[in-house]
Amino acid sequence: MRTVLFLFVSLFISSMYAQIDNFNEILTNQNEPGNLQLVDNFLYVLDDESVNLRRFNLNEFPLTEEVVYTLPTPSDPNIDNVLNDFLVVGNTIYLTDEEFDVSQDMGLGSTIFSLEINDNTSTITEIIDTGAGAFISSLEIIDNMIYFTADRDIDDSYYLFSKDLSNLSATEVMVASTNGEEINDMATDGSLLYLANRDTGEVHYYDPTSPSSTLNNLSFNESINFIHSLEVQNNRIYIASGNSIESGEISTNSTIDLFTNLENNFYEDQNNGQTFSSNFKGVTVGEDGVGYASLTNNGIIGQSQFFLNSECTGTSSDFEEAITSLKSPRFIEQLNSNELIVFNDNGVSRVNITTEAETIIYNKSTDEFITQILVEGQEVFFSSIFGFEDSNGDFTFDFGQISKIDLADDSNIEIYSSSDQFIYDLVKSGTDLFFAHEPSDSNNTDVSFVDKIDLANDSFVELNVDYNFFLESIYLLNDTFYIAEDTNLYSAPVTDLTDVTLLSNDTNFVSNISIDNNFIYYTQENSLKRTPVNFSDFRDDSEFIAFNATYSDTEEDGSVFCSSIDSFTIIDDIIYATLEMNDLVISIPNEVVTLNNNIFTNSTSNDVFLTSTSDILTVHNSETITTVDIYDLNGKLLISTGTNNSSIDITTLNTGIYIVIINNNTNLKFIKE
């Protein structure tokens, strides 16, 4: 049994890969994407130098695009128009339009107008016109009141205005002054307005129900530089600031601890191979914690799982700290029922699960990055890449290598080396060791090759197998290869790896494939899941082992640290896993789940079962029911009930599969039909 994981090597390999962890590109080669908004699984993007508003249907792959609005080209070549901000509310889109006279180097004013979209027709209504000498930078709506920030040339200061949308003939009202500070974006939680100061990195808040016109400041545990945009979701504030996106739980009376959700040190432009630092321009986050961000100067929009506060507690899964003595464990493999082989900062180690005793069996060199380990009996195979970091912080590749450790005599031998192959995955069949790799000098990450080593004589065998996609993970079961890429899962016979069969095209960033007891285990974004090997529908047949698989750890500076599962291995009924950027190995119960008509139930909990109609879910339990919580498959709590409530109204739930947690310790699943 083994686990497969591609190592996204730190921040050093900037000449080969995007240096943003947990950031999956969904759109490339966009024209200066900026502000974003997520509405009903449509992603709205203000791009093309703030001229076009586009939207992308996230339900379809590849993503389908529609241009919602394009600024008309001015008849006067000296006049420039740009869209500074937009807001989508139902079928209505509100946009700000700034007009500028290039020849006079003078602003001609701004307008806010609404675009009503119905049945392929649109109605444009002007709401605000500042006239010359002022321009609008941002807007938000609370309770049918539109709020906008505008500066005035007359005193070079920014003000917050409001206007009642039910009375467009009324004059807008100035409700607060920013004391000269430039405001470039706003967000709201439905009750308070949050205003970002681009230059000072401050975030103000304003209470529309308060008689005071004062803007108050939020307090953060760290300074923020150059805010591009704000987002507020589930009582968390998200800040796109320079090369990072930070978030924290909102508090107006205490300091907000910020977490770095995304950080971009280097990014490679795949069109010209140049590596550069890039800033996040826009950010938007859905209720499920999935967010989207735009990189301002290289036309990329990506998806990431942002951490909600509840996801940082680990309460959604029965996590336990199994091993705490290791330094940054990354890859993990089973050696026997009580020992693990783990790659960490010390190298490759043999670790006793009970005593946590660590025996280092391989000390890696300072210029070496181990990309995969594989345990077969008393042999440990691992792949490495070697190189060095130059003065610009770029990683220069020297060569890739595969080595073998024989635990019987602790010998270590090199069995393969190549100066032009980046090796990142290993699987073994008999005396054949297959490995996945990329050309080290290729700027095209959408290509992967598979070759093998004949271990009988340690000879390289070129298979001439290449795929026009990047392999996230491979696994070998009997004579079948399972091959995962971003959104597809394939299989191929080991005798002919080119004979690829598409198993599912709806896998959505599946990685770290492992197969145990006729189940395919895998990680997907921040969750650990499994599906039967003989699944009929990959997504619908999948179930969560640890949904929203995160962990909370307090670092030396007192901040909370969230991380997702990096690698895992299964020993009997326990899953051992490493956590990304963390010093823990955790354990998770691996309960066997079976399907009984329309009810999923734990085979170890026969005294608890469910029955359901279209309206009522009934919990049958011999013990007193204290709590019943119902989650969707994204780990979002939908229904929570109290003591002695065994019949739950489920009329509000849509058709689909749901997770039920009873008394905080029994997990079951049911299908609402």
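Heavy-atom basis, side chains included; hydrogens, waters and symmetry copies ignored.
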> Heavy-atom distance under 4.5 Å between the side chains of Asp566 and Asn512, does that happen here?
no
> What I want to check is whether the side chains of Thr354 and Asn338 have a donor and an acceptor closer together than 3.5 Å.
yes
> Return yes if a side-chain donor-acceptor contact under 3.5 Å exists between Tyr522 and Ser542, otherwise no.
yes
> Within the 3.5 Å criterion, strictly below it, is a donor on Thr480 or Asn478 matched to an acceptor on the partner's side chain?
no
> Using the side chain to side chain contact (heavy atoms under 4.5 Å, CB included) criterion, which residues pair with Asn59? Sequence neighbours excluded.
Asn41, Asn57
> Which atom pair, heavy atoms only, marks the closest approach of Asn363 to Asn346?
OD1-O, 3.6 Å
> Taking atom CG of Asp479 as the centre, does the number of heavy atoms from other residues, nucleotides or ligands within less than 6.0 Å exceed 12?
no
> Between Glu358 and Arg350 (salt bridge meaning N to carboxylate O under 4.0 Å), is one present in this structure?
no
> Do we see a donor-acceptor contact under 3.5 Å between the side chains of Asn590 and Tyr521?
yes
> Are a donor atom and an acceptor atom from the side chains of Ser511 and Thr523 found within less than 3.5 Å of each other?
yes
> Please report the shortest heavy-atom distance between Glu356 and Thr324, naming the atom on each side.
OE1-N, 3.0 Å
> Tell me which one of Phe331, Tyr362, Tyr424 satisfies ring pair (Phe, Tyr, Trp, His ring centres under 6.0 Å) with Phe382.
Tyr362
> Main chain of Lys327, side chain of Asp583: is a donor-acceptor contact present, judged purely on distance under 3.5 Å?
no
> Can you tell me if Glu368 and Thr366 form a side-chain donor-acceptor pair at under 3.5 Å?
no
> Looking only at heavy atoms, which two atoms of Leu262 and Ser304 are closest? And how far apart?
CD2-OG, 3.6 Å
> For residues Ser448 and Asp466, is any side-chain donor paired with an opposing acceptor at under 3.5 Å?
no
> Quickly, which of Tyr475, Phe434, Tyr467, Tyr490 forms a ring pair (Phe, Tyr, Trp, His ring centres under 6.0 Å) with Phe481? Name it, please.
Phe434
> What are the two closest non-hydrogen atoms of Leu335 and Gln378, and how far apart are they?
CD1-NE2, 4.2 Å
> Please find the pair of heavy atoms, one from Phe23 and one from Ile301, that lie closest to each other, and give the distance.
CZ-C, 4.3 Å
> Listed by chain and number, what are the side chain to side chain contact (heavy atoms under 4.5 Å, CB included) partners of Thr498, not counting sequence neighbours?
Val465, Asp496
> If you look at every heavy atom in Ala408 and Asp406, which pair is closest and at what distance?
N-OD1, 2.9 Å
> Verify whether one side chain among Thr578 and Ser567 offers a donor that lies under 3.5 Å from an acceptor in the other.
no
> side-chain hydrogen bond (donor to acceptor under 3.5 Å, both in side chains) for Asn488 and Ser504? Distances and angles first, verdict last.
CA-CA 6 Å; Asn488 298 313; Ser504 175; over 6 Å; no
> Apply side-chain hydrogen bond (donor to acceptor under 3.5 Å, both in side chains) to Tyr576 and Glu333, showing your working.
CA-CA 9 Å; Tyr576 293 92; Glu333 283 279 321; over 6 Å; no
